[in-house]
Amino acid sequence: MYAKAGSINGARKVFNLLRQNRDTVSWTSMIMALAQHGLGEEAIELFEQMLALGIKPDHITYVGVLSACTHGGLVEQGRSYFDLMKNAHKIDPTLSHYACMVDLFGRAGLLQEAYKFVENMPMEPDVIAWGSLLSSCKVYKNVDLAKVAAERLLLIEPNNSGAYSALANVYSSCGKWDDAAKIRKLMKARGVKKEQGLSWVQIQNKTHVFGVEDGLHPQKDEIYKMMDKIWKEIKKMGFAPDTESVLHDLGVEVKDQILRYHSEKLAIAFGIISTPENTTLRIMKNLRVCNDCHNAIKFISKLVDREIIVRDATRFHHFKDGSCSCKDYW
């Protein structure tokens, strides 16, 4: 519970209180928590302690361990634990374990290896396996493999908006604007709606939700004024907007404005004007944080001297003093 709420220290305290009463479930919960927060090496250390104490891991423990390797870019260790699971602990890999391995290879840029892994799975790959490969293709701008992954994913789930969006974004990031437009038209023709990017923050037990360029919040004028001020200040500190994060064929000034008012930035601006100085901000987001926001939040954390914790679709990011716990690998 603490980990999912963004407090990894709270999770650690509860785990430490258990001491002599730790079972497979409590060890697994802590390993999963550390993995989610990008503390891969600490998660693996804990797993090794668990094994040394003779506590038997189960299939969920291994999902946590492989996730820890994935978020830390620990490819060789991931391979080693996958083999240990099968050979030493006689646990048959499930779709979740295979998806973790695909994600592990994909995030590390080993796209062909990830693809081979999907193709050689002993069961039919699911949406998560193909989706992991597609996400990696988007990061590494591999159009050919992205097309294959998207096609296979859409055979399983024809109305999966993420597959269309990811493929369109791969085309856009490679400057293939016409191909991207075709995918978006196809989405419209098939009645598939893109999932809107939303961010939310809880202030005094009330949840405030923001979309990109959101104009619905009652304090929108104050929020935009604060964000404009922050934008100017972080640029003075050396921040340069990543206009490539706007995957549409637009002018630089328009892209700059769109980036400035991304949902997580508006949520942070609102958090800053609504809480005392030095308060930790916890922002939740339903999609993966974009490169521009990730870089901007590093600068903002230094500018306002606060820890900013952002949970996106895959993990937690702890921003403090101008750096992020993920070490820019997410």
Side-chain angles (χ1 to χ4, degrees), residues 4-6 35-38 67 70-71 99 102-103 106-107 127-141 146 149-150 153-154 157 159-173 180 183-184 187-188 192-202 207-214 216-217 227 241-248 250 255 257-271 281-298 300 308-319 324-326 328-330:
K4 284 181 178 177
Q36 270 192 324
H37 284 261
S67 296
T70 296
H71 291 306
V102 173
D103 206 15
R107 283 175 193 258
V127 168
I128 297 170
W130 288 117
S132 294
L133 182 59
L134 182 54
S135 294
S136 299
C137 291
K138 189 169 81 170
V139 172
Y140 290 99
K141 301 180 183 180
L153 198 160
L154 290 169
E157 208 173 273
N159 291 324
N160 187 302
S161 63
Y164 289 99
S165 297
L167 186 55
N169 290 346
V170 174
Y171 282 132
S172 298
S173 63
I183 297 293
R184 292 191 176 105
M187 250 180 117
K188 204 171 182 181
V192 179
K193 289 187 177 173
K194 182 186 173 185
E195 185 180 5
Q196 187 190 354
L198 297 170
S199 297
W200 56 98
V201 59
Q202 198 176 63
T207 302
H208 300 260
V209 184
F210 298 88
V212 64
E213 297 189 277
D214 200 308
L216 299 174
H217 197 279
M227 195 56 240
D242 178 15
T243 51
E244 281 188 21
S245 291
V246 180
L247 299 167
H248 294 278
L250 301 165
K255 285 186 174 186
Q257 184 172 319
I258 291 169
L259 290 170
R260 193 185 327 167
Y261 304 134
H262 267 190
S263 64
E264 51 269 62
K265 293 188 185 100
L266 296 178
I268 289 167
F270 175 67
L281 296 179
R282 288 184 170 85
I283 312 295
M284 304 293 179
K285 184 175 170 68
N286 64 334
L287 304 176
R288 182 183 186 270
V289 65
C290 78
N291 291 345
D292 182 78
C293 284
H294 192 271
N295 196 25
I297 299 168
K298 287 196 290 184
I300 295 168
I308 301 171
I309 300 168
V310 178
R311 190 211 72 191
D312 70 3
T314 56
R315 67 183 294 161
F316 281 89
H317 299 261
H318 293 252
F319 297 92
C324 178
S325 59
C326 78
D328 300 336
Y329 186 91
W330 83 102

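We number each residue from 1, following the sequence as shown.
A tilted orientation is assigned to the rings of H208 and F270, their planes being inclined by 30° to 60°.
Every salt bridge (charged side-chain N to carboxylate O under 4.0 Å, His left out) that D328 has, sequence neighbours left out, goes to K298.
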Step by step, would you call K285 with C290 a side-chain contact (heavy atoms from CB on, under 4.5 Å)? CA-CA 11 Å; K285 184 175 170 68; C290 78; over 6 Å; no

For a side-chain contact (heavy atoms from CB on, under 4.5 Å) check, start with the C-alpha distance between W130 and L154, then their side-chain angles and the critical distance, and finish with the verdict. CA-CA 9 Å; W130 288 117; L154 290 169; over 6 Å; no

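In this structure a side-chain-to-backbone donor-acceptor pair under 3.5 Å is present from D292 to D242. Under the 3.5 Å distance criterion, the side-chain polar atoms of N169 are matched with a main-chain donor or acceptor of S165.
The shortest side-chain heavy-atom distance between L266 and R260 does not fall under the 4.5 Å cut-off. In this structure the side chain of F319 reaches within 4.5 angstrom of the side chain of V310, judged on heavy atoms. Taking 4.5 Å as the limit, every side-chain heavy atom of D214 sits out of range of all side-chain heavy atoms of Y261. Using a 4.5 Å cut-off on side-chain heavy atoms (C-beta onward), I258 and H262 make contact. A heavy-atom distance below 4.5 Å is found between the side chains of S161 and M187. Using a 4.5 Å cut-off on side-chain heavy atoms (C-beta onward), I309 and L281 make no contact. A 4.5 Å side-chain heavy-atom check between R311 and Q36 finds every atom pair outside the cut-off.
Rounding to the nearest 0.5 Å gives a distance of 11.5 Å between OG1 of T243 and CG of N291. Here CZ of F316 is found 9.0 Å from CZ of R282. Values are rounded to the nearest 0.5 Å. Rounding to the nearest 0.5 Å gives a distance of 11.0 Å between SG of C293 and CG of L287. Here the CD atom belonging to Q257 is positioned 14.5 Å from the NZ atom belonging to K255, to the nearest 0.5 angstrom. Between the CD1 atom in I268 and the CD1 atom in I300 there is a gap of 5.0 Å [rounded to 0.5 Å]. The OG1 atom of T70 sits 6.5 Å away from the CZ atom of R107 when rounded to the nearest 0.5 Å.
Across all their heavy atoms, L134 and A163 have their closest contact at CD2-CA, 3.7 Å. What you find for A146 and V170 is that their closest heavy atoms are CB-CG2, 4.0 Å. In terms of heavy-atom proximity, A5 sits nearest to M284 at O-CE, 4.2 Å.
Checked options H318, H71, H294; the residue passing with C326 is H294 (criterion: side chain to side chain contact (heavy atoms under 4.5 Å, CB included)).
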Side-chain donor-acceptor pairs of residues 193-202 under 3.5 Å, sequence neighbours excluded:
| unit_1 | atom_1 | unit_2 | atom_2 | d |
| --- | --- | --- | --- | --- |
| E195 | OE2 | N286 | ND2 | 3.3 |
| S199 | OG | S263 | OG | 2.8 |
| S199 | OG | E264 | N | 3.2 |

